[in-house]
Amino acid sequence: GNTDTTVGQSSIFATETDVYAEDDIKFSERLKANVGLHLAGFNVRSKFYHSVQPRLAARYLLSDKLSAKASFVQMNQYINLLTNSSVGLPTRQGAAGLAYTHDKGYEISVEGYYKTMENIIEYREGAGFFNTATSWEDKVTSGRGTSYGGELFVQKKKGKFTGMMGYTLSWTQRQF
């Protein structure tokens, strides 16, 4: 059956404000970068939270067919869905990889990443959303985590048949 999990919970009103700017910079024929800055603010229950979220992505041509790429991003998310296992934010993620383009329209890339997560939320041991007598804030705990892995991506861009295929392998640890 259906269960209304908002029974007994008061409405919470909030306002989020965001400003984002970015620029593509060409340092040379071989080195290009995309630099951005995201400023965010969140006002809820007479409290104001803010964050500065930098973004940086760079590509360097090692040859006409091979390039190296790296990126760094920091992100915050103020509203999260509380489920039995949720994703937490803020996160910081770094990535690096190589991409090879063949004359016949094939592109192959390999990339690795590492991400840290803070303030991951999860229901406390034994708590659940069916107990509506308690506030949701008393039912949750927060923690931290890391995630890392790699991706192999192959794409055929030219010819009668085109397509793409990717494989990702990753590991995640969370501690509460």
Side-chain angles (χ1 to χ4, degrees), residues 1-27 31-59 68-97 99 109 111-151 153 166 168-176:
N2 293 331
T3 303
D4 183 1
T5 59
T6 62
V7 173
Q9 302 295 321
S10 60
S11 296
I12 300 172
F13 297 95
T15 304
E16 183 172 351
T17 306
D18 299 278
V19 175
Y20 181 73
E22 73 172 27
D23 192 19
D24 288 321
I25 303 169
K26 185 176 181 180
F27 294 102
L31 180 61
K32 292 182 180 180
N34 179 278
V35 180
L37 186 64
H38 180 193
L39 305 174
F42 188 70
N43 190 22
V44 62
R45 293 184 173 167
S46 300
K47 291 183 183 177
F48 183 74
Y49 303 91
H50 65 280
S51 64
V52 176
Q53 304 171 35
R55 277 113 160 101
L56 173 65
R59 187 215 59 191
K69 52 188 176 179
S71 66
F72 172 81
V73 63
Q74 180 175 327
M75 298 174 283
N76 285 47
Q77 183 172 324
Y78 297 106
I79 298 175
N80 291 282
L81 177 63
L82 178 61
T83 62
N84 286 335
S85 78
S86 65
V87 175
L89 295 166
T91 63
R92 289 180 183 85
Q93 180 171 320
S109 67
E111 187 171 314
Y113 77 92
Y114 183 82
K115 176 171 37 176
T116 62
M117 299 169 280
E118 300 172 27
N119 300 318
I120 301 170
I121 58 172
E122 185 171 89
Y123 278 108
R124 291 185 184 277
E125 185 83 21
F129 53 84
F130 291 113
N131 178 6
T132 58
T134 332
S135 171
W136 70 269
E137 288 112 334
D138 297 328
K139 299 177 193 178
V140 298
T141 185
S142 67
R144 62 178 53 169
T146 58
S147 181
Y148 58 94
E151 178 180 83
F153 184 73
T168 303
L169 181 62
S170 63
W171 295 267
T172 301
Q173 290 90 31
R174 303 178 337 149
Q175 182 177 8
F176 293 92

Would you say the side-chain atoms of Arg55 pair up with the backbone N or O of Leu37, donor to acceptor, closer than 3.5 Å?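 It does not hold such a pair.
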Check [X] against [Y] and note the closest heavy-atom contact, atom names and distance.
{"X": "Gly143", "Y": "Phe176", "value": "N-CD2, 3.6 Å"}
{"X": "Ile120", "Y": "Arg174", "value": "CG2-NH1, 3.7 Å"}
{"X": "Met117", "Y": "Thr172", "value": "CE-CG2, 4.1 Å"}
{"X": "Glu151", "Y": "Thr168", "value": "OE2-OG1, 3.2 Å"}

Any donor-acceptor N or O pair under 3.5 Å, side chains Tyr113, Ser147: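 There is such a pair (donor and acceptor under 3.5 Å, judged by atom type) between the side chains of Tyr113 and Ser147.
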Consider only side-chain N and O atoms of Gln93 and Thr91, and report whether a donor and an acceptor are under 3.5 Å apart.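 Looking only at side-chain atoms, Thr91 and Gln93 do not form any donor-acceptor pair under 3.5 Å.
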Nearest-0.5 Å distance, [atom1] of residue [X] to [atom2] of residue [Y]:
{"X": "Glu118", "Y": "Asn76", "atom1": "CD", "atom2": "CG", "value": "8.5 Å"}
{"X": "Thr15", "Y": "Phe48", "atom1": "OG1", "atom2": "CZ", "value": "10.0 Å"}
{"X": "Thr116", "Y": "Arg92", "atom1": "OG1", "atom2": "CZ", "value": "5.5 Å"}
{"X": "Arg144", "Y": "Asn119", "atom1": "CZ", "atom2": "CG", "value": "9.0 Å"}
{"X": "Tyr20", "Y": "Leu39", "atom1": "OH", "atom2": "CG", "value": "11.0 Å"}
{"X": "Lys139", "Y": "Ile121", "atom1": "NZ", "atom2": "CD1", "value": "13.0 Å"}

Lys69 atom NZ, neighbour heavy-atom count above 12 within 6.0 Å: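 Enclosed.
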Looking at Gln173, I want to see if its CD is surrounded by more than 12 non-hydrogen atoms of other residues, nucleotides or ligands under 6.0 Å.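 Enclosed.
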Under the side chain to side chain contact (heavy atoms under 4.5 Å, CB included) criterion, do Leu56 and Asn34 qualify, and how do the steps go? CA-CA 6 Å; Leu56 173 65; Asn34 179 278; over 6 Å; no
Verdict with supporting geometry, His38 and Asp18, side chain to side chain contact (heavy atoms under 4.5 Å, CB included): CA-CA 7 Å; His38 180 193; Asp18 299 278; 3.0 Å; yes
Once you measure the plane-to-plane angle for Tyr49 and Phe42, does it fall in the parallel (<30°), tilted (30-60°) or perpendicular (>60°) bin?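 Geometry flag for Phe42 against Tyr49: tilted rings.
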Flag side-chain contact, heavy atom, 4.5 Å: Lys32 against Lys26: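 A side-chain contact exists here, since the closest heavy-atom pair is under 4.5 Å.
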